[in-house]
Structure formats: C-alpha cells, structure tokens
Asks: 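First the structure, which I've put down as structure tokens, then a few questions once you've had a look.
Residues: numbered from 1 along the sequence shown. As the structure lists them, so they are numbered: ligands from 1, and atoms in each ligand from 1.
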Amino acid sequence: MELTEAVAGGEIEVWYQPQVEARSLRVAGFEALARWNHPSQGLLTPDAFVPAHGAAADALAAFVLERACEEAARWPDVTVAVNMSPRHFAHRSFVDEVAQAMARAGLAPERLELEILETSAFEEPALAKAAMTRLRDMGVGIAIDDFGQGYSRQSLLLDLPVSKIKLAHAIVTDPASAGWIGDFVRTTHALGMKVTAEGVETQAQADAMTQAGCDYLQGYFFARPAPSAAITAALNRTPDPRP
Ligand code: G
Ligand code: MN
C-alpha cells in the first residue's frame with residue numbers, strides 16, 4: 001500500500017548503473033534501478049522495499065520502465081535495461097505496455113532490454129514464451145537476471161528467445177567459478193546469447209570474467225548506480241584533449 005502511494009506520489013527515483021563492454025571498457029548501456037526516497041527512512045534500495053509479487057511490484061516496474069525509456073531516449077546510442085517482475089511479465093497486456101512506453105518516449109526497441117528472473121519463465125511458461133517472442137520480434141532484448149542463484153537451468157533457456165544471461169554477483173565473486181565459467185560462456189555464445197558478469201567489485205574479478213569470455217561487465221568496480229542527472233552529465237562530457 002505504502003509503495004503504491006510512493007510511486008503515485010513521486011517518491012521513487014530511477015538511478016542508473018553502467019554496463020561496460022568487457023574488451024573495450026566502453027559504456028554499452030545502463031541498468032535502471034529503483035530508489036525510494038522515503039520520507040522518514042532515507043534512500044532505500046529495492047531489496048528493502050520491492051515485494052516479489054503483487055500490484056505494488058507491477059506499478060513500480062511500470063513506473064521505472066516509463067521513466068527509463070524517457071531518459072534513455074535523450075542519451076546517445078546506449079541501451080537501457082529495466083527489471084520486470086515475474087507476474088507483470090505474464091500479464092496479457094504486458095507487451096503492449098512495453099510498446100506504448102517506447103513509443104511515448106520515442107525510444108528505439110533495440111535500445112531497450114528487459115531483465116527477468118528465470119522464475120518468470122516457469123510461472124506461466126506459455127504466456128512468458130509468447131511475450132518474449134513478440135518482444136524479440138520487435139527488437140527488444142531479454143536478459144535473464146541473477147543467473148546461478150537458486151535453481152538455474154541453462155536447458156530451460158534453449159527454448160526461449162533470450163538474448164543475454166547475467167551471471168549473479170555470488171557466482172562472479174566465487175573463486176571456484178573460474179573452473180566452469182569459460183565453458184558456460186562458450187555454450188551460451190553457441191546458443192546466440194551474450195553474457196554479462198554482474199556485481200564485479202575488483203580488478204581481479206573483472207580480469208577473470210573477461211578472460212572467461214564474458215561480453216559485458218557491471219559492478220561497483222566500474223561505477224555505482226547514480227541519478228540520471230549524473231549520467232547525462234557524464235555522457236555529455238567531452239573527453240579531455242590529450243597532448
Ligand atoms: O537483481 P539485480 O541484478 O537487478 O540487482 C542489482 C542490485 O545489485 C542493485 O541494487 C545494485 O545496486 C546492486 N549492485 C550493483 N553492483 C554491485 C556490486 O558490484 N556489488 C554488490 N554487492 N551489489 C551490486
Ligand atoms: Mn537486474
């Protein structure tokens with residue numbers, strides 16, 4: 001209830017965290033992340049307020065989608081990734097809502113990516129697959145978020161039009177991952193999907209994930225999430241002339 005009112009009352013901010021191309025370290029896009037500017041508790045991150053299900057989660061996702069499309073439309077040539085709740089994804093009107101948000105903002109579908117948990121594909125498999133297929137046909141990317149947490153099944157993804165897999169922070173920071181991530185990335189590439197390593201916090205992790213073949217890196221090592229004004233300023237800053 002309080003979250004629904006916060007969305008309506010303008011207390012939700014959308015912050016952005018860069019996603020860099022592993023080889024060039026060029027900024028390829030941003031993940032949109034909700035922040036609740038709570039009147040008494042200060043700035044809250046989603047783990048403190050996003051329920052897994054329910055109308056409030058859907059209202060929040062719809063708000064972030066709308067705002068992220070508007071802001072990304074003003075940025076040059078970068079993608080924007082938005083987190084979607086599993087239930088929202090299975091709504092019959094979901095694909096139309098996404099198409100309308102892009103159209104209102106004037107954002108090309110190729111610049112939008114939707115991040116979903118694997119559970120989105122389990123809950124209503126037929127609806128989820130139909131929605132993903134329509135989005136893919138429009139040009140919107142689908143990324144599986146937090147892969148490796150819980151019961152990840154690469155085989156499940158064989159049947160779905162997924163464009164990217166995001167390896168969870170817990171995998172990226174586990175030294176034991178070095179033994180298998182290279183093989184995982186090769187298989188994933190063979191299936192036509194890209195791989196992002198998320199939650200990269202050190203140079204050693206960045207190097208290991210690049211070595212393993214990951215396409216994109218995201219995490220505090222590169223940049224923390226920041227308000228859109230800071231992103232816009234950074235994108236407009238012209239590089240210093242080198243002697
Ligand atoms: O589930 P999802 O991947 O959407 O969550 C992203 C969350 O992870 C955000 O709240 C973001 O602030 C946080 N995050 C981003 N980079 C890092 C990082 O390098 N380390 C940790 N621990 N968390 C991160
Ligand atoms: Mn995410």
Asks: Evaluate the criterion side chain to side chain contact (heavy atoms under 4.5 Å, CB included) for residue pair T45 and W36; output intermediate values, then yes/no.
Replies: CA-CA 7 Å; T45 56; W36 184 351; over 6 Å; no

Asks: Considering only heavy atoms of E201, which atoms of ligand 1 have at least one such atom less than 4.0 Å away?
Replies: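 Near E201, the atoms of ligand 1 are 18 (C), 19 (O), 20 (N), 21 (C), 22 (N).
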
Asks: Give me the one residue out of Q218, E31, E198 that meets side chain to side chain donor-acceptor pair (under 3.5 Å) with Q17.
Replies: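 Result for side chain to side chain donor-acceptor pair (under 3.5 Å) with Q17: Q218.
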
Asks: Counting C-beta onward and ignoring hydrogens, is there a side-chain heavy-atom pair between V195 and Y216 closer than 4.5 Å?
Replies: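 No, side chains not in contact.
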
Asks: Between D146 and L117, is any pair of side-chain heavy atoms under 4.5 Å apart?
Replies: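 Side-chain contact under 4.5 Å: yes.
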
Asks: Is the shortest side-chain heavy-atom distance between V200 and F222 below 4.5 Å?
Replies: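 In contact.
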
Asks: Below 4.0 angstrom from a heavy atom of D146, which ligand 1 atoms are there? Numbered from 1 as shown, please.
Replies: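 In order of number, 1 (O), 3 (O).
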
Asks: Is at least one protein non-hydrogen atom found at under 4.0 angstrom from atom 4 (O) of ligand 1?
Replies: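 Yes.
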
Asks: Out of all atoms in ligand 1, which are within 4.0 Å of some heavy atom of E198? Include the element for each.
Replies: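 It comes down to these atoms of ligand 1: 3 (O).
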
Asks: For S177 and I171, indicate whether the former's side chain and the latter's backbone hold a donor-acceptor pair under 3.5 Å.
Replies: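 It does hold such a pair.
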
Asks: Any chance CD of Q211 has more than 12 other-residue heavy atoms, nucleotides or ligands included, within less than 6.0 Å?
Replies: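 No, the 6.0 Å shell around CD holds no more than 12 heavy atoms from other groups.
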
Asks: What part of T45, side chain from CB on, backbone N/CA/C/O, both or neither, has a heavy atom under 4.0 Å from ligand 1?
Replies: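 T45 to ligand 1: no contact under 4.0 Å from either part.
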
Asks: Among all protein heavy atoms in this structure, tell me which lies nearest to atom 7 (C) of ligand 1, with the distance rounded to 0.1 Å.
Replies: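 Protein heavy atom with the smallest distance to atom 7 (C) of ligand 1: L33 CD2, 4.5 Å.
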
Asks: Would you mind running through ligand 1 and noting each atom that sits below 4.0 Å from a heavy atom of R35?
Replies: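 Counting atoms of ligand 1 from 1, those under 4.0 Å from R35 are 12 (O).
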
Asks: Can Q203 and D207 be counted as having a side-chain donor-acceptor contact under 3.5 angstrom?
Replies: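 Q203 vs D207: donor-acceptor pair found between side chains.
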
Asks: Fit a plane to each ring of H88 and H91, take the angle between them on a 0 to 90° scale, and name the class: parallel (under 30°), tilted (30 to 60°) or perpendicular (over 60°).
Replies: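 The arrangement is perpendicular - the two ring planes meet at more than 60°.
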
Asks: Below 2.8 Å, which protein N, O or S atoms neighbour the Mn ion (ligand 2), ignoring water?
Replies: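 Protein N, O or S atoms closer than 2.8 Å to the Mn ion (ligand 2): E31 OE2, N83 OD1, E115 OE1, D145 OD2.
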
Asks: Is it the side chain (CB and beyond), the backbone, both or neither of D145 that lies under 4.0 Å from ligand 1, heavy atoms counted?
Replies: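 For D145, the contact with ligand 1 is made by the side chain alone.
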
Asks: How far is atom 13 (C) of ligand 1 from its nearest protein heavy atom, and which residue and atom name does that atom have?
Replies: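 That would be Y220 OH, 3.9 Å.
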
Asks: For A62, is there any backbone N or O sitting under 3.5 Å from a side-chain donor or acceptor partner on E66?
Replies: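 Not a single qualifying donor-acceptor pair exists.
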
Asks: Within the protein, is there a heavy atom lying under 4.0 Å from atom 15 (C) of ligand 1?
Replies: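 It does: a protein heavy atom is found less than 4.0 Å away from atom 15 (C) of ligand 1.
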
Asks: Of the side chain and backbone of R224, name the one, both, or neither that has a heavy atom under 4.0 Å from an atom of ligand 1.
Replies: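 Within the 4.0 Å criterion, R224 makes no contact with ligand 1.
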
Asks: Is there side-chain contact between V185 and C214, with at least one heavy-atom pair below 4.5 Å?
Replies: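 Yes, close enough: below the 4.5 Å cut-off.
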
Asks: Are W15 and F30 an aromatic pair by the rule of ring centers under 6.0 Å?
Replies: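 No - the distance between ring centres of W15 and F30 does not fall below the 6.0 Å cut-off.
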
Asks: Under 4.0 Å from ligand 1, counting heavy atoms only, is it the side chain of P225, its backbone, both or neither?
Replies: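 It is the side chain that gets close, since no backbone atom is under 4.0 Å.
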
Asks: Does the D174 side chain pair with the main chain of A170, one donor and one acceptor, at a distance under 3.5 Å?
Replies: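 No, because the side chain of D174 does not come within donor-acceptor range (under 3.5 Å) of the backbone of A170.
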
Asks: Answer side chain, backbone, both or neither: which part of Q205 comes under 4.0 Å from ligand 1, heavy atoms only.
Replies: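 Neither part.
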
Asks: Run the numbers for me: atoms of ligand 1, each under 4.0 Å from some heavy atom of N83, listed by number.
Replies: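 Those atoms are 4 (O).
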
Asks: Between Q17 and ligand 1, find which residue part has any heavy-atom pair under 4.0 Å and reply side chain, backbone, both or neither.
Replies: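 The part of Q17 near ligand 1 is the side chain, not the backbone.
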
Asks: Which atoms from ligand 1 have a heavy atom of G219 less than 4.0 Å away?
Replies: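 Heavy-atom distances to G219 below 4.0 Å select 16 (N), 19 (O).
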
Asks: Taking atom 1 (O) of ligand 1 as the reference point, report whether a protein heavy atom occurs under 4.0 Å from it.
Replies: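 Yes, because at least one protein heavy atom sits under 4.0 Å from atom 1 (O) of ligand 1.
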
Asks: Between T79 and E113, is any side-chain donor less than 3.5 angstrom from a side-chain acceptor?
Replies: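 E113 and T79 do not have a side-chain donor-acceptor pair below 3.5 Å.
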
Asks: Heavy-atom pairs closer than 4.0 Å: do any link ligand 1 to the side chain of E31, the backbone, both, or neither?
Replies: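 Answer for E31: side chain.
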
Asks: Say whether, by atom type as modelled, one donor and one acceptor occur between the side chain of R111 and the main chain of V78 under 3.5 angstrom.
Replies: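 A pair under 3.5 Å: yes.
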
